[in-house]
**Q** 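Sending over a structure as structure tokens; questions will come in a sec.
In what follows, chains are A, B, ... by sequence order, proteins preceding strands, each numbered from 1.
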Number of protein chains: 2
Amino acid sequence: MDISIDSCIAQLRRNTLKVTPRRLAVITMLLAERRYFSPYEVYERLLNTDCSSGLPSVYRILQEFSAIGLVTEIERSDRQQYYFLCKESSGAHHHHFICRICCRVEPIKKCFFDSVKKHIETELDAQVESHIFQLEGICASCRNH
Amino acid sequence: MDISIDSCIAQLRRNTLKVTPRRLAVITMLLAERRYFSPYEVYERLLNTDCSSGLPSVYRILQEFSAIGLVTEIERSDRQQYYFLCKESSGAHHHHFICRICCRVEPIKKCFFDSVKKHIETELDAQVESHIFQLEGICASCRNH
DNA sequence: CTTTAAATAGAAATCGTTTCTATTAAGAGA
DNA sequence: TCTCTTAATAGAAACGATTTCTATTTAAAG
Ligand SMILES: [Mn+2]
Ligand SMILES: [Mn+2]
Ligand SMILES: [Zn+2]
Ligand SMILES: [Zn+2]
């Protein structure tokens with residue numbers, strides 16, 4: 001089963017973040033699509049609704065969501081902030097494929113981090129703490145449009 | 001054998017970039033250490049030498065170097081620009097481990113991109129064009145210091 | 001040498017992001 | 001339901017990494 005608005009609310013409470021209308025509006029918006037957003041896009045979409053937020057508030061809300069693991073940061077070459085709410089309920093470690101045309105995000109189950117980590121730690125005597133792995137390209141829908 | 005100042009100069013010429021004292025100074029600086037630098041660090045190190053550059057010039061020089069593949073961009077969570085001149089002469093595809101303490105960079109030969117790419121393209125019917133893979137942690141020297 | 005387009009300096013602008021302060025509201029407890 | 005405390009929010013302002021702009025210099029081709 002997928003992540004729902006209720007499981008998101010529970011996650012807010014678990015982390016002692018108040019359940020406010022603005023936070024719910026952001027979550028609802030993110031849940032509705034399988035794509036990543038910039039803070040400005042979130043801000044823009046909520047404008048002229050009954051639960052719009054100021055741009056600094058959107059930034060703060062998304063950063064808090066990221067801090068508690070509710071949303072994931074997406075890496076792009078423009079080095080700006082992008083966030084994605086992954087609907088996979090299993091919190092299992094995974095990465096993402098993003099479409100450079102439509103911003104769609106697909107989870108990738110395969111990750112070879114453990115094997116590479118072990119290799120590096122043996123060979124370099126280093127301590128590997130984290131990794132980035134992300135694929136980019138064109139999704140099926142954008143290819144055939 | 002390793003990348004040398006001469007092979008770098010050849011690479012500039014191949015790409016019709018003029019061989020200027022400032023560019024040579026930047027290359028020499030980058031070649032001297034196995035670590036990545038921010039543009040400001042490069043700027044700072046060249047200050048008060050006979051070949052210092054203005055900060056905007058350092059940005060431009062590094063971007064040009066990146067465009068011709070002479071330097072590699074390093075990804076960090078502060079979303080700022082960092083560059084590394086990889087001394088591996090073989091231009092073979094590889095990734096990097098970076099030390100979060102001393103900024104040291106080590107090449108990682110293992111990359112499972114091809115297998116993941118094939119998997120994704122089959123499963124999602126997407127076209128995978130590029131990927132990021134980078135490890136971060138603490139290098140041997142920083143662990144034992 | 002001359003010539004020309006590329007490279008550079010330095011000031012200024014840009015713009016994504018963060019900070020600050022006053023105001024509002026969630027939610028715990030009475 | 002009402003109070004109270006503290007977190008959340010708005011909006012203006014600041015911030016700072018990066019880029020742009022224009023005048024000046026210089027690499028290197030001929
Ligand atoms: Mn992984
Ligand atoms: Mn790879
Ligand atoms: Zn797409
Ligand atoms: Zn180190």
**Q** Round to the nearest Å and state the distance from B:Asn15 atom CG to C:dA6 atom P.
**A** 15 Å
**Q** Quick check: is B:Phe84 connected to B:Leu135 through a chain of hydrophobic side chains (ILVMFWY, heavy atoms under 4.5 Å apart)?
**A** no
**Q** Hey, can you tell me if A:His131 and A:Phe113 have their rings parallel, tilted or perpendicular (30° and 60° cut-offs)?
**A** parallel
**Q** Name the closest nucleotide to the B:Leu17 side chain, picking from C:dA7, D:dT6, D:dA10.
**A** C:dA7
**Q** In terms of side-chain heavy atoms of A:Lys18, which of C:dT18, C:dA7, C:dA26 is nearest?
**A** C:dA26
**Q** What integer distance in Å separates A:Glu64:CD from D:dA7:C1'?
**A** 9 Å
**Q** Just compare D:dA8, C:dG27, C:dT8 and give me whichever is closest to any side-chain atom of B:Thr20.
**A** C:dT8
**Q** Establish whether A:Tyr36 and A:Ile108 are linked, either directly or via other cluster members, by ILVMFWY side-chain heavy-atom contacts under 4.5 Å.
**A** no
**Q** Just the rounded figure in Å: distance from C1' of C:dT17 to CD1 of A:Ile61.
**A** 15 Å
**Q** Check whether any side-chain N or O of B:Arg23 sits under 3.5 Å from a backbone N or O of B:Lys18 as a donor-acceptor pair, and report yes or no.
**A** yes
**Q** Would you mind reading off the distance between B:Arg13 atom CZ and C:dA6 atom C1', rounded to a whole angstrom?
**A** 15 Å
**Q** Would a 4.5 Å heavy-atom cut-off, applied to side chains only, mark B:Ile132 and B:Glu75 as touching?
**A** yes
**Q** Return the polar atom pairs (N/O with N/O) between nucleotides 12-17 of chain D and the protein under 3.5 Å, or none.
**A**
none

**Q** So which nucleotide from C:dA26, C:dT8, C:dT17 ends up closest to the side chain of B:Arg23?
**A** C:dT8
**Q** Kindly say whether A:Ile68 contributes a backbone atom to a donor-acceptor pair with the side chain of A:Gln11 at under 3.5 angstrom?
**A** yes
**Q** Measuring to OP1 and OP2 of D:dA8, would you say a side-chain N or O of A:Arg60 lies under 4.0 angstrom away?
**A** no
**Q** Measure from the side-chain heavy atoms of B:Arg22 and tell me the nearest of C:dA9, C:dA5, D:dA8.
**A** C:dA9
**Q** Does B:Lys117 reach the main-chain N or O of B:Val128 with its side chain, forming a donor-acceptor pair under 3.5 Å?
**A** yes
**Q** Over how many whole Å does the gap from A:Arg76 atom CZ to C:dT17 atom C1' extend?
**A** 17 Å
**Q** Listed in order of residue number, which residues of residues 40-53 of chain A have a non-hydrogen atom at under 4.0 Å from DNA chain D?
**A** A:Ser52, A:Ser53
**Q** Classify the ring geometry of B:Tyr43 against B:Tyr40: parallel below 30°, tilted from 30° to 60°, perpendicular beyond 60°.
**A** tilted
**Q** For the hydrophobic clusters of this structure (ILVMFWY residues joined by side-chain heavy atoms under 4.5 Å, transitively), does one cluster hold both A:Leu124 and B:Val105?
**A** no
**Q** Can you measure B:Asp78 atom CG to C:dG16 atom P for me and round it to whole angstrom units?
**A** 18 Å
**Q** Check every atom of D:dA8, D:dT18, C:dA9 against the side chain of B:Leu55 and return the nucleotide holding the closest atom.
**A** D:dT18
**Q** In this structure, how many angstroms lie between the P atom of C:dA7 and the CD atom of B:Gln63, rounded?
**A** 14 Å
